[in-house]
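Accompanying notes for the structure given below.
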Amino acid sequence: MSGAIPETEPEAGADGVDAAALPLTAGQESLWFLHCLAPASPAYNVVAGLAVRGVLDTGALERAVAAVADRHELMRSVFTEGAGGPVRLLAPGLRPPLEIREVEGVGDERLKELARRAGQEPFRLSEEWPFRVVLLRRAADDAVLVVSSHHIASDATSQWLLVRDLADAYQAAVDGADRAWEAPVASYADHVARERDRRGSPGSVRAGAYWAEVRDGAVAATLQADRPRGGQVVARGATYQRDLGASAALLLRSTAAEAAVSPFGLLLGAFQAAVHRGTGLDDFLIGCPASVRFGRDKADMVGYLVDALVLRSRFGPGTTFREAMVSAHRQLLRGMAHLRYPAAAGPAGAPPFRMAVTLVDIDRLPVPTLPGLHFTLLDLPHMEGQSDLNVELRSGGAGLTIVLRYATDLFDEATIARFAGIYLRLIEAAVENPDAVVAAVPLVESAQYADLLSLGVGGDDDW
């Protein structure tokens, strides 16, 4: 294994920070670069929110937060610039990052807004852990728990592992015991070392050639902006969401199965069709974040364990939805075969896409169950403004919700709403008739189309 990775955690200095520098993954290096460009931006905060009914023991909660940080090395680390680039330093001596805020008597909407703001507070990565827990207590038995971390140390799966471990450690503390976890099979430092060992390997060379072929000659898709793109990185954003109609949601799985693609492949192909119809682009790139949790040793690991697949879309006048979804499905499979080798490595290498799509199964999110406490998921907008447009497809028992996180420096909400309408219309068209030609599908209903046409027809007395 390459790199000077300590086998045991060294003693911390007087400032609580260990001087042994640990290297980062290529993805972490890119995130550090982006953090330095806009250090006050919350765009890379990963947030989980839970409404809590029942009396929380705040002393047990504080011990639980400390236990979770002790278990996961990235949660007790700081990041800084070293002689050869960004590095990570263990900082076990810092104070556990728990804040309890009394918000007695506030209404539900105000409480949710306060929770949203808590999740958006930026991290000073060189000075504090990339992990924070905020308890907003409206009453002794009515509160909201906000668990946030910076993307350089976490991802969506990691965030829910943190929630799970926090609940386990809390119950142990209430019972007067320490949570005894099994020793990790591998550390995050091991993961970094393995990635660095693969650089320059035959597999890395093959993957580099594959990703170069995918990108060659294609442009990064984006929507027509409402404002010019500025030179300064601000990374501000907002969220817009819509639900897919119940009938289309019911047809989704059966249509995907008939076309021999995954439901996500169908939704991805429809998204690419929407980009084509909404922009007029015929050959373009989008991104698709994917997990690199390969192997049992990473099942419980908390850290930045994602990379992005780069997907290329080509549309002609006669391209059908079936062709689009089959192409998307095959590209996902081919891309996954090369996912161990980053598609866009390097701190200064911006991703070769400006729009990305991911799928989340909300029914699989691990909501804690503890005696005397009832937890409910709280949907808090987060990770807004990372790129021009990030689309999260939330699949669950209630159907499908399309969440669009967009850069407010570029787009108005009306522009994003218009694109969301196109996407929903094309999903409906794809599940109703996968052999329909993408270019032939009207983007408005017939009644709306008649109304639009009527706007251009009038009598002489209209003048």
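Numbers here simply count residues along the sequence, with the first being 1. Predicted model, so just to flag it, every value in this text is computed and none were measured.
At least one donor-acceptor pair closer than 3.5 Å links the side chain of R227 to the backbone N or O of F411. Looking at W32, its side chain never comes within 3.5 Å of a backbone N or O of V87 through a donor-acceptor pair. Distance alone, capped at 3.5 Å, places no donor-acceptor pair between the R76 side chain and the A66 backbone. E392 places no side-chain N or O within 3.5 Å of a backbone atom of V360 that could act as its donor or acceptor partner. The backbone N or O of G119 lies less than 3.5 Å from a partner atom in the side chain of N45, making a donor-acceptor pair. Under a 3.5 Å cut-off, the side chain of R312 and the backbone N or O of D216 do form a donor-acceptor pair. Between the side chain of S254 and the backbone N or O of L251 there is at least one donor-acceptor pair closer than 3.5 Å. With hydrogens and angles ignored, the 3.5 Å screen pairs a side-chain donor or acceptor of Q28 with a backbone N or O of I152. Judged by distance alone, the side chain of R132 and the main-chain N or O of E121 form a donor-acceptor pair under 3.5 Å.
Classified by interplanar angle (parallel below 30°, tilted 30° to 60°, perpendicular above 60°), the ring pair F315/F284 is parallel. Between H35 and H150, the ring-plane angle classifies as perpendicular under the 30° and 60° cut-offs.
Judged by distance alone, the side chains of T239 and E384 do bring a donor and an acceptor atom under 3.5 Å apart. T415 and D412 share no donor-acceptor pair across their side chains, judged by distance under 3.5 Å alone.
Residue L389 holds its CG atom at 12.0 Å from CZ of F353, rounded to the nearest 0.5 Å. Separation of atoms CZ (R164) and OG (S158) is listed at 10.5 Å; rounding is to 0.5 Å. Annotation: the span from S149 atom OG to Q159 atom CD amounts to 3.5 Å, rounded to 0.5 Å. Summarising the geometry, atom CD1 belonging to I416 is positioned 5.5 Å from atom CG belonging to L223; distances are rounded to the nearest 0.5 Å. The distance from the CZ atom of F321 to the OG1 atom of T255 is 12.0 Å, given to the nearest 0.5 Å. The CZ atom of R405 lies 14.5 Å from the OG1 atom of T408; values are rounded to the nearest 0.5 Å.
In this structure, C288 and F264 have side chains that are in contact, with non-hydrogen atoms separated by less than 4.5 Å. Annotation: side chain of L145 is in contact with side chain of L61 (closest heavy-atom distance under 4.5 Å). Within the 4.5 Å cutoff, the side chain of H151 has heavy atoms near those of the Q386 side chain. Annotation: side chain of L359 is not in contact with side chain of D361 (no heavy-atom distance under 4.5 Å). No side-chain heavy atom of V219 sits less than 4.5 Å from a side-chain heavy atom of R354. The shortest side-chain heavy-atom distance between L267 and L400 falls under the 4.5 Å cut-off. At least one side-chain heavy atom of I402 sits under 4.5 Å from a side-chain heavy atom of I427. Contact annotation: the side chain of D307 never approaches that of T25 to less than 4.5 Å [non-hydrogen atoms, C-beta and beyond].
Salt-bridge annotation for D142 and R53: present, with a side-chain N of the basic residue lying under 4.0 Å from a carboxylate O of the acidic one. Looking at E195 and K298, no side-chain N of the basic residue comes within less than 4.0 Å of a carboxylate O on the acidic one, giving no salt bridge. Between R116 and E113 a salt bridge is recorded (basic side-chain N to carboxylate O distance below 4.0 Å). Using a cut-off of 4.0 Å between Lys/Arg side-chain N and Asp/Glu carboxylate O, D379 and R394 are scored as salt-bridged.
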After noting the C-alpha distance and the side-chain angles of H276 and T319, does the key distance pass the side chain to side chain contact (heavy atoms under 4.5 Å, CB included) rule? CA-CA 11 Å; H276 166 62; T319 302; over 6 Å; no
Give the C-alpha distance, both sets of side-chain angles, the deciding distance and a yes or no for side chain to side chain contact (heavy atoms under 4.5 Å, CB included) between V391 and M355. CA-CA 8 Å; V391 178; M355 305 172 76; over 6 Å; no
List the steps and the verdict of side chain to side chain contact (heavy atoms under 4.5 Å, CB included) for L378 and L50. CA-CA 5 Å; L378 190 64; L50 294 162; 5.9 Å; no
Please assess V357 against L393 for the test side chain to side chain contact (heavy atoms under 4.5 Å, CB included), listing each intermediate value before the final yes or no. CA-CA 7 Å; V357 187; L393 305 172; 3.9 Å; yes
Should R293 and D155 be marked as a salt bridge (Lys or Arg N to Asp or Glu O under 4.0 Å) after you check the CA-CA gap, both sets of side-chain angles, and the distance that decides it? CA-CA 11 Å; R293 291 177 181 273; D155 55 28; 3.3 Å; yes
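V275 and A221 make their closest contact through CG1-CB, 3.7 Å (heavy atoms, listed as atom of the first residue, atom of the second, distance). The two residues L74 and A153 come nearest to each other via the heavy atoms CD2-CA, 3.4 Å. When all heavy atoms of V441 and A429 are compared, the closest pair comes out as CG1-CB, 3.8 Å. Taking both residues in full, the closest heavy atoms of D300 and L161 are given as C-CD1, 3.9 Å, listed atom of the first, atom of the second, then distance. Between V55 and Y170 the shortest heavy-atom distance is O-OH, 4.1 Å. The minimum heavy-atom distance between S148 and V47, with the atom names listed, is CB-CG2, 4.0 Å.
Annotation for R199: atom CZ counts as buried by contact number, over 12 foreign heavy atoms lying within 6.0 Å. Heavy-atom contacts from other residues, nucleotides or ligands closer than 6.0 Å to CZ of R95 number 12 or fewer. A 6.0 Å sphere centred on CZ of R334 holds more than 12 heavy atoms belonging to other residues, nucleotides or ligands. No more than 12 heavy atoms of other residues, nucleotides or ligands sit less than 6.0 Å from atom CD of Q224.
Between F271 and F419, the ring centre distance stays below 6.0 Å.
Scanning for side chain to side chain contact (heavy atoms under 4.5 Å, CB included) contacts around R253 gives P263, S395, with sequence neighbours left out.
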